[in-house]
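Worth saying up front: this structure is predicted, and the values here are computed from it rather than measured. Below, each value reflects all heavy atoms present in this structure, side chains not excepted, and no hydrogens, waters or symmetry copies. Proteins get letters first, then strands, A, B, ... in listed order; numbering begins at 1 in each.
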Amino acid sequence: MTKVKICGLMEEAHVKAAEGADAIGFVFAPSKRRVSVERANELAKYAPVDIEKIGVFVNASLEEIEKAVEMVPLTMVQLHGDEPDSLVEAIRVPVVQAFSIRSKQDVERLKNSVADYVLVDAPGTDHRGGSGNVFDWSLLEGGGIDASKLIVAGGLNPENVRSAIKQTRPFMVDVSSGVETHGRKDSSKIQKFIQQAKGDLMEQAIEKVGFFGKYGGQFVPETLMKAVKELEDAYTEAKQDPEFLEEYHHYLKEYVGREQPLTFAKRLTDAWGGPKVYLKREDLNHTGAHKINNALGQALLAMRMGKRKIVAETGAGQHGVATATVCALFDLECVIFMGEEDIKRQQLNVFRMKLLGARVESVTKGSSTLKDAVNEALRYWVTNVEDTHYLIGSALGPHPFPTMVRDFQSVIGKETRRQILEHEGRLPDVVLACIGGGSNAIGMFYPFLQDESVKLIGVEAAGEGADTERHAATMTKGTEGVLHGAFMKLLQDDAGQVQEAHSISAGLDYPGVGPEHAHLADIGRVEYKAITDEEALKAVITFSQLEGIIPALESAHAIAEAEKWAKQMAPDELLVICVSGRGDKDMATYAERLEGLT
Amino acid sequence: MKRLADLKKAGRKAFVTYIMAGDGGLERLSEQVKFLQNAGVTAIEIGIPFSDPVADGAIIEAAGNRALKEGVTLQKVLDELASWTFEVKVPLIVMTYLNPVVKFGIERFAKECKRAGISGTIIPDLPYEHRELVQGATQQEGIALIQLVTLTTTEERMEAILQEAEGFVYAVTVTGITGARDHLAEEVREFMKRVRSKSPVPVYAGFGISKVQHVDMLRGDVDGFIVGSAIVQAFHDDKIDELLPLIDAVAAPSSV
C-alpha cells in the first residue's frame, strides 16, 4: 500500500483536491512552483491534519529550513541539492534526500544517505512511455535499496502510476507535473492520480462509506439515524476545518500533555535477549490512559454540534474518567453507565468520575460489564438524542464512530512512527497493542497500515484460557455478527445470542471487536493473539520491576505477548509496545492477586 | 397483509399486539395467539428474544431474558409456528433484532418464515439504508419488511421510507425505547398526521401505547395501534383479561 505525495502545490483548491493523499509538498527552492513560507502556512490550513507536509529545499541553510519547519509547520523536509550529512542529521523532522540516478555511482551515494527516506528522481522524463517503464529501474536492481525508505518521482501521471507501483513497490510515489494542465495543477488529475495509486482501497471507500470491507455500517434503531447522520456530517466537516484540528491539538498538548515519549526499554531488552524494545507511553497521558485522546476530540465535536450533554459507557473506568474529565473542563453535563461488576472492580475510578462531577449509573443487567453498559448508554441516547452526544469509548458502534475514534487515537501511531524514525532511522519490525473493542490498537496501527514491513499484532484477553468458557478472545473464537450498531466480530452462540466475555481486565472484557479490526484480520494485515489472565499478571510484575512502570492490566496483555515475539527475534530488530495505560486503577486487583510478592 | 388495507378502507382501526415468544415457555405461545385472535386483535407480532435489545425498555428486555433462559431460539419459534394445526386467523409478524437473523442465514430466515405462515417481519436495528441486506430475500418469499418512522425521522428520509413501505408503517410515538408511558407528547398527533398523509399503507402507532386515553388521543390520526409492553406484562402477570377493554376500544366493530 504505497503512499502518495502531491508536490508543488500553490493554490487552496489543489490542496483540498489532494485531501486523499498521504503527503503534500511545498517548493521553497527557485522554481515556477515556488511558494513563500507564509503562503505555505496559509495553504497548510486547508490540508487534513494527518497529511504529511513536506518542504522542498535546494542547498538552503539550516536556519532557513528550521524557520519553515516551525512556521508552516512542516512534518518532513525534502532536500534536492548537495546538502552535507551534517545538515541532514541536524534537521529535527524526518528528511527525504533526492537523487537523480544515472549511474551505479549514484546508487552508491543513495545507499549511503543518512536521510530517513530517499527520493529517486528519473533523470529527466525521457523514459516515459515506450517500454512502459517510468524510469530505468534496472540501475537500482541488486543495489540493496530498502523499499520501505524509497520514494519514486519523475514522469508519473494518473495513467502510469499503477504500473509504476506494481513494478517498484516503493514507500511513496511523488507527482507534480503529472497532475498539471498547461503548467498549472489540475484538481481532477490530482484526484484521479490518488485514486489510481490507491487502487481498490479508495474505490471501496468511496462506494461504501462507513464500511471496512464487509464490516461496519449503521445498524441502529430509526430514532438514532438522524443523530448518526448529523454526527457523520459534522465530523466530515470538522476534520477538514483547520480551526477544529488546531483546537484539538492545542488541548492534546496543553492539557493531555502530548506528545508522549517512545521510551527505549533497556532492561526489558536485555532480559528478553532479542530485539530493541520501545514503549509508547500512553500511560503518561492526563487521566492515565489513551482514552482521553478520543474523549477530547469527541467532546469538542459535540460542542461544535451544539450539544452540551454527554452520555458514555465505561468498562475499566478509564474512558469514564476521561469523559468526566473533559466534561468538567468544558462544563458539559455527563452521565456514565458502568456495569455493577466493573464498579466493584474499579472503585477508585468510580470515585474519580464522581469527584469530577459526573453521574455514574450502575448497570445490573446481563453480565453487568461493558457490553451491558453500552446497551444502557444506547438506550439513554435513544431517549435523549436531541440534546445529547454519545461519546463512545472504543472503535465500535455505528459509522462514523469507528472511523472517528480511530482518527482521534491515530495520534498514538503517528507520533510513534515519527519517533522510531528519529531514534532508529527506520521503521519497527513488530508493533503490539492490546485490544478490547480496539481503540488504542487501531490508533497505533492505522499510521503503519501501509508499511508492509511492519508486523502489527493485536492482543486480546484469553481470560482463563481461550478454550475455556471464560475468555474475551473474540478474534480467536468469535464469528461475524451485528452488535451495538456495527457488523463486526462477536462472541455469540449458534442462535446469535451474544455471550458474556471474561477477563481479569475490565477494559478488555467485551464480547466484540470493532469493524476495522475485523477487516484487518480478514485481509491478514494484522495478526491477533490472546493472552490469559495469568500471563498478563506475570507481565505486570516483570514490567514493573524491570522498567519501573506499573502497567494497566490491559496493556500487560500486549507486554506478555511481546515477550513471546521477542524470544523469536534478532538483536538488530525493533519491537514497539503500546503501553495504553498505567496500573493505578488496577492496584486493588494487583494487591489481591499478587499477594505474597516479595 | 392485504386485510390490513381492507380494514383501513372499511374505516376500522387495527389493533396489533406484540408478544415475546417463549416467555413462560414456548408451549404458551399457541394459547396466547388463540386468546388474542379470539379477543379481536388485527395482527400479532411474535417477538424473538435477543441478548442485547437496545430498542427495548425493561419489560420486554426482562421477558426476553426469561425466554432465553427457557432456551428459546429463532429456529424453535419458527418450528413451533409451523407445527400449528389450528386456524391462525390473523397475520403473524416476526419482530427480531438483526443478529439472530444474520446468524440464522437471511435467505433461510425468509424461507422458514414463509413455511411458518409468517406475513411480515420487523427488524428494529435494520435501518432503511441497509434494507437490501434482507429485502431481496423477504420479497422473494412474499414477506413484508415493515419499516419504522420516528419523531426524529427527517422529512426527506420519511418520504423515501414511505415510498417503499410494505404491509404497514410502524410510527413510533416516543423518542425513546419501548415501554408504557403515562402521557404522549402533543407533537405526536402532528407527526401521525404527516405520516398518514404521505403513506401508501396503513399507519400504526406504537411504543408506549398502554391506555384507552392514548387511543382516544390519536384515534383520528392513525389507522391502528401497536401494544407491546403492556400485553407482555399482562401475560406474565396472568392479568391479560384486564387488557380486553383496551383491545375493544380500538378493534370492536362499534369503535370507529
Side chain / backbone / both / neither for [X] at chain B, heavy atoms under 4.5 Å:
| X | answer |
| --- | --- |
| A/D493 | backbone |
| A/F487 | side chain |
| A/V498 | both |
| A/E386 | side chain |

Review point. Any side-chain heavy-atom pair from A/P515 and A/F211 closer than 4.5 angstrom?
Key: no
Pair [X], [Y]: side-chain N/O donor-acceptor within cut-off below 3.5 Å:
| X | Y | value |
| --- | --- | --- |
| B/T178 | B/D56 | yes |
| A/N375 | A/H484 | yes |
| A/E480 | A/Y215 | yes |
| A/E469 | A/Q499 | no |
| B/E45 | B/T17 | no |

Contact winner vs chain B - [options], heavy-atom pairs under 4.5 Å:
| options | value |
| --- | --- |
| A/V220, A/T479, A/D372, A/L378 | A/V220 |
| A/V374, A/V382, A/V385 | A/V382 |
| A/N384, A/T223, A/L490 | A/T223 |

Go through the atoms of [X] and report whether side chain, backbone, both or neither lie under 4.5 Å from a heavy atom of chain A.
| X | result |
| --- | --- |
| B/Q75 | neither |
| B/Q147 | neither |
| B/I161 | side chain |
| B/N65 | neither |
| B/I123 | neither |
| B/V54 | both |
| B/L74 | neither |
| B/V101 | neither |

Once you measure the plane-to-plane angle for A/H517 and A/Y528, does it fall in the parallel (<30°), tilted (30-60°) or perpendicular (>60°) bin? perpendicular
Quick note, ring-ring contact (aromatic ring centres under 6.0 Å, His included) partners involving residues 98-117 of chain B, not counting sequence neighbours, are none
In sequence, state the C-alpha distance, the side-chain angles, and the governing distance for A/D509 and A/R345, and then conclude on salt bridge (Lys or Arg N to Asp or Glu O under 4.0 Å). CA-CA 12 Å; A/D509 205 347; A/R345 290 195 275 192; 2.8 Å; yes
Requested in this report: Check step by step if side-chain contact (heavy atoms from CB on, under 4.5 Å) holds for B/V201 and B/M1.
Outcome: CA-CA 10 Å; B/V201 293; B/M1 302 299 256; over 6 Å; no
Of the listed B/P53, B/A58, B/A55, B/A62, the one with the largest count of heavy-atom pairs under 4.5 Å with chain A is B/P53
